[in-house]
Trainee: 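Pasting a structure below so you can have a look.
Positions are given from 1 along the sequence.
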Amino acid sequence: MQRKMKGTYDILPSESSRWQAVERAIRRVSKIYNYKEIRTPIFEQSELFHRSVGEDTDIVSKETYDFKDRGDRDNTLRPEGTAGVVRSVIENKLYAADIPVQKLYYMGPMFRYERPQKGRYRQFHQFGAEAFGSNSPLLDAEMISYAVSVLKSLKLKEVTVKINSLGDSQSKEDYKIALLNYLEPNVKHLCKDCQTRYKTNPLRILDCKVDKGSLVLKEAPKPLDYLTKESQEHFDNLVKYLDQMDIAYTIDKALVRGLDYYTHTVFEVDANVSSLGAQKTLCGGGRYNNLVNDLDGPDIPAVGFAFGIERLLLALESIDYKGDAEYIHLFMMILGDDQKEDAAKMIQRCRLGGLYVDTDFLDRSMKSKFNQAESHNARFVAIYGANEKEANTINIKDQESGIQETIETDQLYTYIMTKLMEPSSKCETCEDDDCDDCS
Ligand code: ATP
Ligand code: MG
């Protein structure tokens, strides 16, 4: 038997409705914020990720899936979405479009060669957003609000938004010098990776999973204390806008994020639920004002975020989120081969009218047919046998009200539609009978 690759998994039919519900919520919120979907390839030239994500990030140095194609080109399965989106914006000159601020979102699989565990896989999915063309902190605030709204729309309340600022290039440079000076006598106490980072990319030391929590790092200088005047103003404005938008946040002075390209705002959204274990970060993002230019595009500022969808679903387990209820409108029970022609016609009529319909293809017993109707969560069950054929009628039972009736066969579609239009005592949001909680 062939088995799936380590760190991958199948989304089985029993789980796909939860995925679809989350995807639908994401699309709905994206519409509210006026972000449009972009779909870029799953593989790109390896160089793109080396140049954007950064050579000495964990992602590029340890986690990429690299392969040569038959033309001896270096390809990489995308480990994240921003690089491809930025490449596409530049290549398609989206920045020159009539709309001066391009607001884009994406959803899809990403690939990282990591040690698989709960909330960490080798193929996983991200939903991310990027906005190009404005350095306004109002856009940073919008991004954070957008991310929070996705969670709120899924009724996930136990979330923490952490924000920080790295400032512009000047602030980052000043901070880097201060950090190097501070760490110089302590480098030997850091992990091996951090000893390399000290030389190549000292900012990343603050994001190290090994040294996190050590006294050396706790007492290290913080980027917020090295902001230039303009950078401080940017951050102050962001905070003011978030306050006005009623978005709760905490300032986490040690937050730097794992990617090289961030400037100014960085943020993370954590879910405070036990089902996530150590993988609490649902979303990470920030501003990256130099990346478009670094990738040979014009000098255009940008800001974005990325959610891990698996982690989002794990977090939703804690609030018993079931996704959309699975159901069909009609399960047709055909009793006897002679009735199949008429039944095929009736089923077709109902489906053409948009009803969700299924039937039994295995000529099983009545009991089995009833079981199938129940597993499909059918609202109506119709029985069509020799007697019904004779009388040109069909027997139909409404599983919700328990009412059973015999109607003419050509009335089937209209009958079901009429019943579906009648007001139900069930709540449209949670599907409970007599719910008072949902508005
Ligand atoms: P972590 O610190 O958990 O490794 P990261 O900093 O590598 O996260 P990002 O590159 O910022 O993560 O990706 C954004 C989001 O994508 C993360 O917050 C997380 O929800 C999700 N994510 C990242 N890597 C994985 C993975 N291997 N499996 C599942 N989700 C992931
Ligand atoms: Mg990671």
Trainee: For Y415, enumerate each residue passing the ring pair (Phe, Tyr, Trp, His ring centres under 6.0 Å) test, keeping only those at least two apart in sequence or located in another chain.
Mentor: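 Residues passing ring pair (Phe, Tyr, Trp, His ring centres under 6.0 Å) with Y415: none at all.
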Trainee: Within the structure provided, determine whether V381 and Q399 are in side-chain contact (heavy-atom separation under 4.5 Å).
Mentor: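 In short, these two side chains touch, coming nearer than 4.5 Å.
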Trainee: Rounded to the nearest 0.5 Å, what's the gap from OH on Y105 to CD on Q126? Could you check?
Mentor: 15.5 Å
Trainee: Where do K62 and D193 land on the side-chain contact (heavy atoms from CB on, under 4.5 Å) test, with the steps shown first?
Mentor: CA-CA 12 Å; K62 300 178 190 160; D193 279 348; 2.9 Å; yes
Trainee: Does S136 offer a backbone N or O that forms a donor-acceptor pair with the side chain of S134 under 3.5 Å?
Mentor: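 Yes.
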Trainee: Looking only at heavy atoms, what is the nearest atom pair of P298 and V292, with distance?
Mentor: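 Distance-wise, the nearest heavy atoms are O-CG1, 3.5 Å.
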Trainee: Just by distance, no angles: are the side chains of E326 and N377 close enough, under 3.5 Å, to form a donor-acceptor pair?
Mentor: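 Absent: no donor and acceptor within the cut-off.
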Trainee: Crowded around Q45 CD? As in, over 12 foreign heavy atoms under 6.0 Å?
Mentor: no
Trainee: Any salt bridge linking K4 with D10? Criterion: basic side-chain nitrogen under 4.0 Å from a carboxylate oxygen.
Mentor: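 Judged by the 4.0 Å cut-off on N to carboxylate O distance, K4 and D10 do not form a salt bridge.
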Trainee: Could you check Y198 against E184 for side-chain hydrogen bond (donor to acceptor under 3.5 Å, both in side chains), going step by step and ending with a plain yes or no?
Mentor: CA-CA 9 Å; Y198 181 80; E184 200 180 1; 4.9 Å; no
Trainee: Under 3.5 Å, is there a donor-acceptor pair linking the side chains of S88 and T40?
Mentor: no
Trainee: Backbone N or O of L48 within a donor-acceptor pair of the S52 side chain at under 3.5 Å?
Mentor: yes
Trainee: Would you call E130 and K103 a salt bridge, using N to O less than 4.0 angstrom?
Mentor: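 Not counted as a salt bridge, because no side-chain N and carboxylate O are separated by less than 4.0 Å.
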Trainee: Supply the atom-to-atom distance Q170 CD to S231 OG, rounded to the nearest 0.5 angstrom.
Mentor: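 Here the interatomic distance stands at 9.0 Å.
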Trainee: May I ask you to decide if L224's main-chain N or O and S165's side chain share a donor-acceptor pair within less than 3.5 Å?
Mentor: no
Trainee: Report the distance from atom CG of L183 to atom CG of L217, rounding to the nearest 0.5 Å.
Mentor: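 If I round to the nearest 0.5 Å, the distance is 7.0 Å.
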Trainee: What's the shortest heavy-atom distance between Y288 and G304, and which atoms?
Mentor: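 Taking every non-hydrogen atom into account, CE2-N, 3.8 Å.
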Trainee: Is K419 paired with D398 through a side-chain N to carboxylate O contact shorter than 4.0 Å?
Mentor: no
Trainee: With a 4.0 Å cut-off, would you call E44 and R87 a salt bridge?
Mentor: yes
Trainee: Can you name the nearest heavy-atom pair linking I90 to L295, along with the distance?
Mentor: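 Minimum heavy-atom separation between I90 and L295: CD1-O, 3.5 Å.
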Trainee: Please check this pair: side chain of N75 against backbone of R73, looking for a donor-acceptor N/O pair closer than 3.5 Å.
Mentor: yes
Trainee: Under 3.5 Å, is there a donor-acceptor pair between the side chain of Y175 and the main chain of P221?
Mentor: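 Such a contact is found between Y175 side chain and P221 backbone.
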Trainee: Atom NE2 in H376, atom CG in D360: separation rounded to 0.5 Å?
Mentor: 9.0 Å
Trainee: Are D168 and K229 ion-paired here, with the side-chain N under 4.0 Å from a carboxylate O?
Mentor: no
Trainee: Can you check side-chain contact (heavy atoms from CB on, under 4.5 Å) on Y413 and L352, steps first, answer last?
Mentor: CA-CA 10 Å; Y413 174 72; L352 287 177; over 6 Å; no
Trainee: For a quick check under 3.5 Å, do T160 and N272 share a side-chain donor-acceptor pair by atom type?
Mentor: yes
Trainee: Determine whether L166 and H264 make a side-chain contact, defined as any pair of heavy atoms from C-beta on separated by less than 4.5 Å.
Mentor: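 No, their side chains stay 4.5 Å or more apart.
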Trainee: Run the numbers on M107 and E23 for side-chain contact (heavy atoms from CB on, under 4.5 Å), then give the verdict.
Mentor: CA-CA 8 Å; M107 246 192 285; E23 287 162 6; 3.6 Å; yes
Trainee: Ignoring hydrogens and geometry beyond distance, is a side-chain donor-acceptor pair present between N289 and Y261 at under 3.5 Å?
Mentor: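 Distance-only check fails for N289 and Y261.
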Trainee: Among Y35, F307, Y106, exactly one meets ring-ring contact (aromatic ring centres under 6.0 Å, His included) together with F127. Which residue is that?
Mentor: F307
Trainee: Would you indicate whether F43, at its atom CZ, is surrounded by more than 12 heavy atoms from other residues, nucleotides or ligands within a distance under 6.0 Å?
Mentor: no
Trainee: Determine whether a donor-acceptor pair (N or O, by modelled atom type, separation under 3.5 Å) exists between the side chain of E310 and the backbone of H125.
Mentor: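 Present.
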Trainee: With a sphere of 6.0 Å drawn around CD of E15, does it hold more than 12 non-hydrogen atoms of other residues, nucleotides or ligands?
Mentor: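 Yes, CD of E15 has more than 12 neighbouring heavy atoms, counting only those of other groups under 6.0 Å.
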Trainee: Counting only heavy atoms not in Y321, do more than 12 fall under 6.0 Å of its OH?
Mentor: yes
Trainee: With a 3.5 Å cut-off and no angle check, do the side chains of Q279 and R311 form a donor-acceptor pair?
Mentor: no
Trainee: Would you find more than 12 non-hydrogen atoms of other residues, nucleotides or ligands less than 6.0 Å from Y249 atom OH?
Mentor: yes
Trainee: I'd like to know if D207 pairs up with R197 as an ion pair, taking the criterion as any Lys NZ or Arg NE/NH1/NH2 lying under 4.0 Å from an Asp or Glu carboxylate oxygen.
Mentor: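 A salt bridge is absent here (no side-chain N lies under 4.0 Å from a carboxylate O).
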Trainee: How far does CG of L139 sit from CZ of R287, to the nearest 0.5 angstrom?
Mentor: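 These two atoms lie 5.5 Å from each other.
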Trainee: With a 4.5 Å heavy-atom cut-off, do W19 and L313 have their side chains touching?
Mentor: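 SC-SC contact between W19 and L313 confirmed.
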Trainee: Do F235 and I163 pass the side-chain contact (heavy atoms from CB on, under 4.5 Å) test, and can you show the C-alpha distance, the side-chain angles, and the key distance before you say yes or no?
Mentor: CA-CA 10 Å; F235 189 65; I163 62 170; 4.0 Å; yes
Trainee: Check this for me, if you would: do D410 and R349 make a salt bridge, where the nitrogen-to-carboxylate-oxygen distance has to be below 4.0 angstrom?
Mentor: no
Trainee: Would you find a donor on one side and an acceptor on the other, under 3.5 Å apart, between the side chain of S401 and the backbone of I403?
Mentor: yes
Trainee: Give a yes or no answer on whether the side chain of Y9 reaches the backbone of G7 with a donor-acceptor pair at less than 3.5 Å.
Mentor: no
Trainee: So, for F380 and F331, is the gap between ring centers shorter than 6.0 Å?
Mentor: no
Trainee: Look at E37 together with R27 and state whether they make a salt bridge at an N to O cut-off of under 4.0 Å.
Mentor: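 Salt bridge flag = yes for R27 with E37.
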Trainee: Taking the side chain as C-beta and beyond, is there a heavy-atom pair between P109 and F124 under 4.5 Å?
Mentor: no
Trainee: Taking the side chain from E233 and the backbone from D236, do they hold a donor-acceptor pair closer than 3.5 Å?
Mentor: no
Trainee: Does R51 come within less than 4.0 Å of D296, counting only side-chain N to carboxylate O?
Mentor: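 Result for this pair is yes, salt bridge flagged.
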Trainee: Does any non-hydrogen side-chain atom of D66 lie less than 4.5 Å from one of L77?
Mentor: no
Trainee: State whether F111 and R122 meet the cation-pi test: NZ (Lys) or CZ (Arg) under 6.0 Å from the six-membered ring centroid, and within 45° of the perpendicular axis.
Mentor: no
Trainee: Would you say the ring centroid of Y146 lies under 6.0 angstrom from that of Y33?
Mentor: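 Yes: the rings meet the under 6.0 Å criterion.
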Trainee: Just by distance, do the side chain of Y262 and the backbone of V256 share a donor-acceptor pair under 3.5 Å?
Mentor: no
Trainee: Can you tell me how far CG of L282 sits from CG of L276, rounded to the nearest 0.5 angstrom?
Mentor: 6.0 Å
Trainee: With D140 as reference, evaluate T265, N237, N135 under the side chain to side chain donor-acceptor pair (under 3.5 Å) test and give the passing residue.
Mentor: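 The passing option is T265.
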